[in-house]
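Starting off with a structure, shown below.
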Amino acid sequence: MSENKALSELVNFIAKSPLASENDIERRSALSSISKNISPIPIQKKVTKLFDAIIILSARSKRIMMPKVQIDIDVFTPNSKRAVKILMAK
């Protein structure tokens with residue numbers, strides 16, 4: 001009985017989507033709106049972004065070329081105990 005009911009509902013189904021419209025203009029406008037929502041938005045790169053990238057890369061290359069530096073810090077409390085402990089990953 002439930003199969004007959006489901007089939008009768010399917011027979012009486014009326015599509016309400018604008019894509020199923022008989023009107024060609026309405027169908028095309030629905031398709032164009034769907035394609036606008038799906039298509040990716042082009043990224044417009046500005047000159048300032050290019051300059052930022054150049055400055056970042058030049059600063060990085062300058063730091064790479066600089067010699068390594070060692071820093072030795074000794075900080076003590078009035079009791080002659082170590083006051084600061086700094087651990088840095090290499």
Side-chain angles (χ1 to χ4, degrees):
M1 183 74 179
S2 64
E3 290 180 17
N4 290 338
K5 184 178 179 183
L7 288 174
S8 64
E9 287 178 3
L10 185 60
V11 168
N12 296 328
F13 176 76
I14 299 172
K16 296 179 183 175
S17 171
L19 292 173
S21 174
E22 295 293 327
N23 187 352
D24 192 38
I25 296 170
E26 186 178 351
R27 192 170 52 244
R28 285 186 184 179
S29 68
L31 281 172
S32 68
S33 67
I34 290 172
S35 66
K36 284 179 186 175
N37 291 336
I38 291 175
S39 63
I41 300 171
I43 298 172
Q44 296 179 352
K45 295 183 180 179
K46 296 185 178 182
V47 176
T48 55
K49 296 282 186 181
L50 178 63
F51 284 137
D52 288 344
I54 292 171
I55 289 170
I56 290 169
L57 288 173
S58 66
R60 185 181 301 158
S61 62
K62 285 179 186 176
R63 282 194 308 271
I64 290 172
M65 297 305 296
M66 295 178 88
K68 301 286 181 189
V69 176
Q70 274 190 330
I71 299 173
D72 188 20
I73 299 175
D74 287 328
V75 182
F76 296 96
T77 64
N79 302 357
S80 298
K81 294 183 178 180
R82 292 243 181 232
V84 177
K85 184 176 184 180
I86 300 175
L87 300 174
M88 299 184 77
K90 290 185 180 182

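One-based numbering along the sequence shown. Just so it is clear, the structure is predicted and the values come from calculations on it, not from any experiment.
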Over all atoms of both residues, closest heavy-atom pair of Ile55 and Ser58: O-OG, 2.9 Å
Pairs meeting criterion salt bridge (charged side-chain N to carboxylate O under 4.0 Å, His left out) with involvement of residues 49-70, two or more places apart: none
Contacts of type side-chain contact (heavy atoms from CB on, under 4.5 Å), residue Val47, not counting sequence neighbours: Phe51
Minimum heavy-atom distance between Arg82 and Asp74, given as atom pair plus value: NH1-OD1, 2.9 Å
More than 12 heavy atoms from other groups under 6.0 Å of CD1 on Ile25: no
Shared-cluster residues of Phe76, by chain and number - hydrophobic side chains joined below 4.5 Å: none
Inter- and intrachain pairs under side chain to side chain donor-acceptor pair (under 3.5 Å), touching residues 22-32, at least two apart: Ser21-Glu26, Asp24-Arg27, Asp24-Arg28
Whichever hydrophobic residues join Leu19 through chains of side-chain contacts under 4.5 Å: Leu31, Ile34, Ile38
Residues forming a side-chain contact (heavy atoms from CB on, under 4.5 Å) with Ala53, sequence neighbours excluded: none
Residue list, side-chain contact (heavy atoms from CB on, under 4.5 Å) with Ser80, at least two apart or on another chain: none
ILVMFWY clustering at 4.5 Å (side-chain atoms), partners of Leu57: none
